[in-house]
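In what follows, chains carry the letters A, B, and so on, assigned in the order in which the sequence lines appear, proteins first and then strands, with residues in each chain numbered from 1.
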2 protein chains.
Amino acid sequence: MKKEINKKYKFAVIAVDVVILTIKDDKLSALLMPMQKEPYLNYWAVLGGLIKPNESVNEAAKRYLFEKTGLKNVYLEQLYAFGEVGRDPFGRVVSVVYFVLIPHENFRLKISKKIKRVKWFSVDSLPPLAYDHGQIIKTAAERLQAKLSYTNIIYGLLPEKFTLGELQKSYEIILKKKLDKRNFRKKLMSLNIIKSAAGQKRGEAHRPAQLFSFVSKKPQVVEIL
Amino acid sequence: MKKEINKKYKFAVIAVDVVILTIKDDKLSALLMPMQKEPYLNYWAVLGGLIKPNESVNEAAKRYLFEKTGLKNVYLEQLYAFGEVGRDPFGRVVSVVYFVLIPHENFRLKISKKIKRVKWFSVDSLPPLAYDHGQIIKTAAERLQAKLSYTNIIYGLLPEKFTLGELQKSYEIILKKKLDKRNFRKKLMSLNIIKSAAGQKRGEAHRPAQLFSFVSKKPQVVEIL
DNA sequence: GCAAAAGTGTTCAGGGTACACCCATGT
DNA sequence: ACATGGGTGTACCCTGAACACTTTTGC
């Protein structure tokens, strides 16, 4: 599809790209799919596509996300518009990039049959990437890291119910630093952003953990760490 | 120019808009220009235009800024991409919006002769605005307010040399709250982001004030307030 | 029994906040 | 003389940071 761009359009066209992030195997990871055409054959890319004339840019991002992965009602935020002239060898494409947070656990992606395969990569060890997608993923990871400290958006990465240990570990992975368990719990309980939920997490070779859930799954500015 | 859009382009075209902000008469103010065509005749708008095929989006923003106001080497940051379908009645236009900070004092704008006139408006009492420019200015003001608290970007709004009183007043205007003079000075001196500069500010009916300048005019993350 | 994470309080230091008076100037 | 903002120090409180042991489970 992108091949015909430089024939059809003198001016730039608009694409959206969506960086899907989750925590998997104790790493912040991005969902990538392999390119199927030269010059990026076998390079990996984030999900994306051109916008349609009758949809907003936000809608286009949500549409591609849903069409290609089945994801809906997840944390989604506009990241940045990437508009360098040479960023797409097929033609002039300006991409408005979004990032999405999903809990890894229990999430079944419904990958579109048009996509050969997808794979999660740790954002710290990415394969060769198409276009400027390396820069894009780096920017997304930085934004996420920055926002964790002063907002509650960690909720996007956790399942409905979670333990304080899992919550703390999520912060530690993204902030890349160890946190003190007692101080962490004291702080989070004082912020009123999480509440005790019914039940415990059992089945592991240690004492069961109380479950918690988020009071609100709307973005809030809160001084967390 | 924008009139032909819906004839020529089936798909969306890309524009840039630039919100120019300064502090004038103790108000955070935006530079606006009157529209000269229906349906927005006599509405006001921020500076903007379409991008050219051979320039990046960032370059387009800087080019329009320079061409229309003569401004260069000022604080400029990408704000957000606005992409609602109906935002421009002439056709499908997605706008990548930037904001710019300038010191008001001593700044001579070289307004392009193509522009009939420009005027500063307090962002808290804006005239009727074209397109979604009300939303755009509001978003810019919010971003600025948020970033003042944790970065040093106030430097964009102040002249080369300034007094601590002027600096404090700038914060107070944008944050919309009074600050304690002694605590403010103590904090800023401890951060090493400003340094004493030669000379004093005299000529006003009170004790002369020492001048200061910024150690660095690069954006830095610093916990200021 | 052993390993592994859950759960729980106290102490200390540093930073934020509140607060009042004299100084140097222009009019 | 008077009005105006410049310039300065201290006391208190609260928050952030450091720190260790017992509990409950699965194997």
Side-chain angles (χ1 to χ4, degrees), chain A residues 23 25-26 105 148-152 154 158-159 161-173 175-213 221-225, chain B residues 23 25-26 104-105 148-152 154 158-159 161-173 175-213 220-225:
Chain A
I23 292 177
D25 301 335
D26 292 347
E105 192 184 326
L148 273 203
S149 303
Y150 66 92
T151 72
N152 64 343
I154 191 84
L158 288 161
K161 293 184 180 185
F162 52 88
T163 69
L164 290 177
E166 291 163 351
L167 182 60
Q168 182 178 343
K169 191 148 206 182
S170 301
Y171 278 105
E172 289 177 340
I173 289 166
L175 301 179
K176 292 183 197 295
K177 68 177 176 194
K178 278 284 185 188
L179 301 172
D180 179 89
K181 181 165 50 162
R182 278 173 291 190
N183 294 338
F184 179 82
R185 288 168 185 233
K186 216 185 311 170
K187 188 68 198 290
L188 269 133
M189 297 313 283
S190 77
L191 290 172
N192 290 322
I193 60 172
I194 57 174
K195 59 171 191 268
S196 191
Q200 296 180 323
K201 179 162 189 175
R202 324 186 120 257
E204 286 168 277
H206 54 77
R207 178 171 169 178
Q210 298 300 314
L211 291 173
F212 290 81
S213 62
V221 175
V222 186
E223 205 56 48
I224 300 214
L225 297 176
Chain B
I23 293 178
D25 301 335
D26 293 348
H104 185 65
E105 190 186 328
L148 272 202
S149 304
Y150 66 92
T151 71
N152 63 342
I154 190 85
L158 287 161
K161 294 183 179 186
F162 53 87
T163 69
L164 290 176
E166 291 164 351
L167 181 61
Q168 182 177 342
K169 192 149 206 181
S170 302
Y171 277 104
E172 288 177 342
I173 289 166
L175 300 179
K176 293 183 197 291
K177 65 177 176 194
K178 278 284 187 189
L179 302 173
D180 180 88
K181 181 164 49 161
R182 279 175 289 193
N183 294 338
F184 179 81
R185 288 168 187 233
K186 215 186 315 170
K187 188 70 198 290
L188 270 132
M189 298 313 285
S190 77
L191 291 173
N192 291 321
I193 60 171
I194 58 175
K195 59 171 189 270
S196 191
Q200 297 181 323
K201 178 160 191 176
R202 328 186 118 256
E204 287 169 275
H206 54 77
R207 177 172 171 178
Q210 298 300 313
L211 292 173
F212 290 81
S213 63
Q220 291 174 33
V221 176
V222 187
E223 206 56 49
I224 300 216
L225 298 175

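A straight line from CE of A:M189 to P of C:dA6 spans 14 Å, rounded to a whole angstrom. The CG-P distance, from A:L167 to C:dG7, rounds to 12 Å in whole Å. Between the CG atom of A:D180 and the P atom of D:dA20 there is a distance of 11 Å, given to the nearest Å. A:L164 places its CG atom 15 Å from the P atom of C:dA5, with the value rounded to the nearest Å. Here D:dG5 presents its C1' atom at 14 Å from CD of B:Q200, a figure rounded to the nearest Å. In this structure, A:E172 places its CD atom 13 Å from C1' of C:dA5, rounding to the nearest Å. As a whole-Å value, the separation of B:E166 CD from D:dG6 C1' is 12 Å.
For A:R182, taking side-chain heavy atoms from C-beta onward, the closest of the listed nucleotides D:dA20, C:dA18, D:dT25 is D:dA20. Between C:dA6, C:dG9, D:dG6, one nucleotide has an atom nearer to the side chain of A:A209 than all others, and that is C:dA6. Ranking C:dC19, C:dA4, C:dA24 by closeness to the B:N183 side chain, first place goes to C:dC19.
Between A:K186 and A:E204, the residue whose closest nucleotide on DNA chain D is further toward the 5' end is A:K186.
Residue-level contact check: A:R202 touches the backbone only, with heavy atoms under 4.0 Å from sugar-phosphate atoms and none from bases. A:K187 comes within 4.0 angstrom of sugar-phosphate atoms only, judged by non-hydrogen atoms across all strands, and of no base.
Residue B:R185 places none of its side-chain N or O atoms closer than 4.0 Å to OP1 or OP2 of D:dT8.
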